[in-house]
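Everything numeric here is computed off the predicted structure, so don't read it as measured data. Hydrogens, waters and symmetry mates are skipped; everything else that's a heavy atom, side chains included, is used. Letters A, B, ... mirror the listed sequences (proteins, then strands); counts begin at 1.
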2 protein chains.
Amino acid sequence: MSSDGFLLPLRLFVGFRQLIDGVHAELAREGHPELRPLHGFVFQAIGLDGTTAVELGRRLGVSKQAAGKTLDGLERLGYVERTTDPQDARRKLVKLTDRGVQVLIRSAQIFDELRAEWAARIGPDRLSELEQDLVTVTGAEAFRLDVPGWFGS
Amino acid sequence: MSSDGFLLPLRLFVGFRQLIDGVHAELAREGHPELRPLHGFVFQAIGLDGTTAVELGRRLGVSKQAAGKTLDGLERLGYVERTTDPQDARRKLVKLTDRGVQVLIRSAQIFDELRAEWAARIGPDRLSELEQDLVTVTGAEAFRLDVPGWFGS
DNA sequence: CTAAGATGGTCAACGTGGTTGTCCAAAACG
DNA sequence: CGTTTTGGACAACCACGTTGACCATCTTAG
């Protein structure tokens with residue numbers, strides 16, 4: 001049985017999904033039930049300094065239109081706001097609202113908590129090794145947000 | 001900077017994606033360019049014994065309709081065939097064609113090869129530990145195929 | 001044995017997400 | 001200046017998953 005090689009991607013994904021689901025379950029409990037797994041990465045990509053739709057698309061590896069649509073949703077939910085750039089009338093600066101910043105901070109905290117749970121189960125040293133090994137193996141590749149289209153047909 | 005906790009899910013996903021992309025790049029090179037990341041898991045779930053659409057949906061954590069649609073695509077591509085069950089006229093048995101079985105076997109081989117590359121980079125012991133730790137942490141949770149809907153809004 | 005319920009499959013409608021193509025206004029550059 | 005590039009938005013399109021409904025068939029209870 002060569003299921004050895006198959007175990008690895010499976011477990012990587014299950015681990016990923018458990019962490020993401022864990023964060024969003026807690027966020028939902030704290031008043032943010034509308035947030036989807038995708039949104040966490042968008043928040044992260046926007047950051048505290050804000051960006052533009054085009055730049056966001058670049059960071060996430062999707063088209064500017066896709067990034068724009070996602071921002072539309074986040075804006076409707078009140079996590080993001082667009083302002084015009086006084087220096088450049090073409091650009092619209094996208095910034096997190098207070099509510100958005102709160103989520104970003106909370107997400108980081110919850111991720112840390114979940115990481116601590118992992119550390120408690122396998123030991124902090126093993127977890128550090130695991131992280132280090134993943135970085136070594138995967139290199140500098142960035143996160144791509146086009147998961148739906150990538151995964152599906 | 002609490003990016004520690006955020007590093008973990010990111011790297012898990014990047015690793016997952018690199019493995020999946022690696023397999024499908026190679027499969028594409030070998031005459032299966034139409035296959036999508038999703039399909040590998042479907043093949044695995046169908047297995048050498050075959051199943052039905054409903055059962056497939058159960059295994060993958062999606063509705064029977066979604067499973068049926070995916071099978072439609074795979075059938076059109078010639079990787080799967082449906083036959084009627086002589087014991088039960090309601091059921092349609094889904095089995096991999098020869099071409100489908102080939103892909104399943106090749107996928108396993110390529111996963112093993114990619115795993116070997118990882119082992120070469122971080123050492124076989126560290127890789128085994130990594131796998132073991134992931135299993136310990138993630139438990140018995142199954143793979144869910146509803147990634148597009150799960151991830152997106 | 002028949003009637004009621006459960007099960008397998010398919011069709012249709014809907015919502016979401018991403019993509020390409022097109023267009024326009026504002027900047028940058030020659 | 002005029003031309004090219006850039007940021008943004010609109011539209012059409014396709015893929016995937018979901019729920020709801022419907023039908024045929026098997027199972028089971030009265």
Starting the side chain at C-beta, find the nucleotide from [options] nearest to [X].
{"X": "B:K69", "options": "C:dA13, C:dG8, D:dG7", "answer": "C:dA13"}
{"X": "B:R90", "options": "C:dT19, D:dG7, D:dA24", "answer": "D:dA24"}
{"X": "B:V62", "options": "D:dA24, D:dT18, C:dG18", "answer": "D:dT18"}
{"X": "A:T52", "options": "C:dG9, D:dA9, D:dG8", "answer": "D:dG8"}

Nearest-Å distance for atom pair [atom1]/[atom2], residues [X] and [N]:
{"X": "A:L71", "N": "C:dG18", "atom1": "CG", "atom2": "C1'", "result": "14 Å"}
{"X": "B:L56", "N": "C:dG8", "atom1": "CG", "atom2": "C1'", "result": "13 Å"}
{"X": "A:E55", "N": "D:dT5", "atom1": "CD", "atom2": "C1'", "result": "16 Å"}
{"X": "A:D85", "N": "D:dT6", "atom1": "CG", "atom2": "P", "result": "17 Å"}
{"X": "A:W150", "N": "C:dT19", "atom1": "CH2", "atom2": "C1'", "result": "18 Å"}
{"X": "B:R91", "N": "D:dT27", "atom1": "CZ", "atom2": "P", "result": "10 Å"}
{"X": "A:R36", "N": "C:dG15", "atom1": "CZ", "atom2": "P", "result": "17 Å"}
{"X": "B:E75", "N": "C:dG9", "atom1": "CD", "atom2": "P", "result": "12 Å"}

Inset, instruction - Would you indicate, yes or no, if C:dT7 has its OP1 or OP2 atom less than 4.0 angstrom from a side-chain nitrogen or oxygen of B:R58? - result: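 Answer is no, no contact under 4.0 Å.
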Legend entry - Presence of A:T70 side-chain N/O under 4.0 Å of C:dG18 phosphate oxygens OP1/OP2: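 Affirmative; the distance criterion is met.
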Can you say whether a donor on the side chain of [X] sits under 3.5 Å from an acceptor on the base of [N], or the other way round?
{"X": "A:K92", "N": "D:dG7", "result": "no"}
{"X": "A:K64", "N": "C:dT19", "result": "no"}
{"X": "A:Q65", "N": "C:dG17", "result": "no"}

Inset, instruction - Check each of A:Q18, A:R17, A:R121 against B:T138 using the side chain to side chain contact (heavy atoms under 4.5 Å, CB included) test, and report the only one that passes. - result: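 Result: among A:Q18, A:R17, A:R121, A:Q18 is the only option passing the side chain to side chain contact (heavy atoms under 4.5 Å, CB included) with B:T138.
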Inset, instruction - Determine the contact category for B:A66: base if any of its heavy atoms lies under 4.0 Å from a base atom, sugar-phosphate if only primed atoms, P, OP1 or OP2 are that close, otherwise nothing. - result: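 Since a base atom lies under 4.0 Å of B:A66, the category is base.
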Inset, instruction - Could you tell me whether B:S63 contacts a base, only the sugar-phosphate backbone, or nothing, with contacts defined as non-hydrogen atoms closer than 4.0 Å? - result: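 It contacts base atoms.
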Inset, instruction - Verify the ring-centre separation between A:Y79 and A:H39: is it less than 6.0 angstrom? - result: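 Not close enough - the centres of the two rings lie 6.0 Å or further apart.
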Legend entry - DNA chain C: 5'-proximal contact among B:D72 and A:A67 (nearest heavy atom):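 The residue whose closest nucleotide sits nearer the 5' end is B:D72.
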Legend entry - Whichever of B:D88 and B:V147 has its nearest DNA chain D nucleotide further upstream toward 5':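 Between the two, 5'-proximity favours B:V147.
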Taking atom [atom1] of [X] and atom [atom2] of [Y], what is their separation to the nearest 0.5 Å?
{"X": "B:L35", "Y": "B:R106", "atom1": "CG", "atom2": "CZ", "result": "13.0 Å"}
{"X": "B:I110", "Y": "B:L114", "atom1": "CD1", "atom2": "CG", "result": "7.5 Å"}
{"X": "A:L60", "Y": "A:E55", "atom1": "CG", "atom2": "CD", "result": "9.5 Å"}

Inset, instruction - Any chance you could lay out the side chain to side chain donor-acceptor pair (under 3.5 Å) test for A:Q102 and A:R99, step after step, and finish with the verdict? - result: CA-CA 5 Å; A:Q102 269 192 325; A:R99 185 174 172 77; 5.7 Å; no
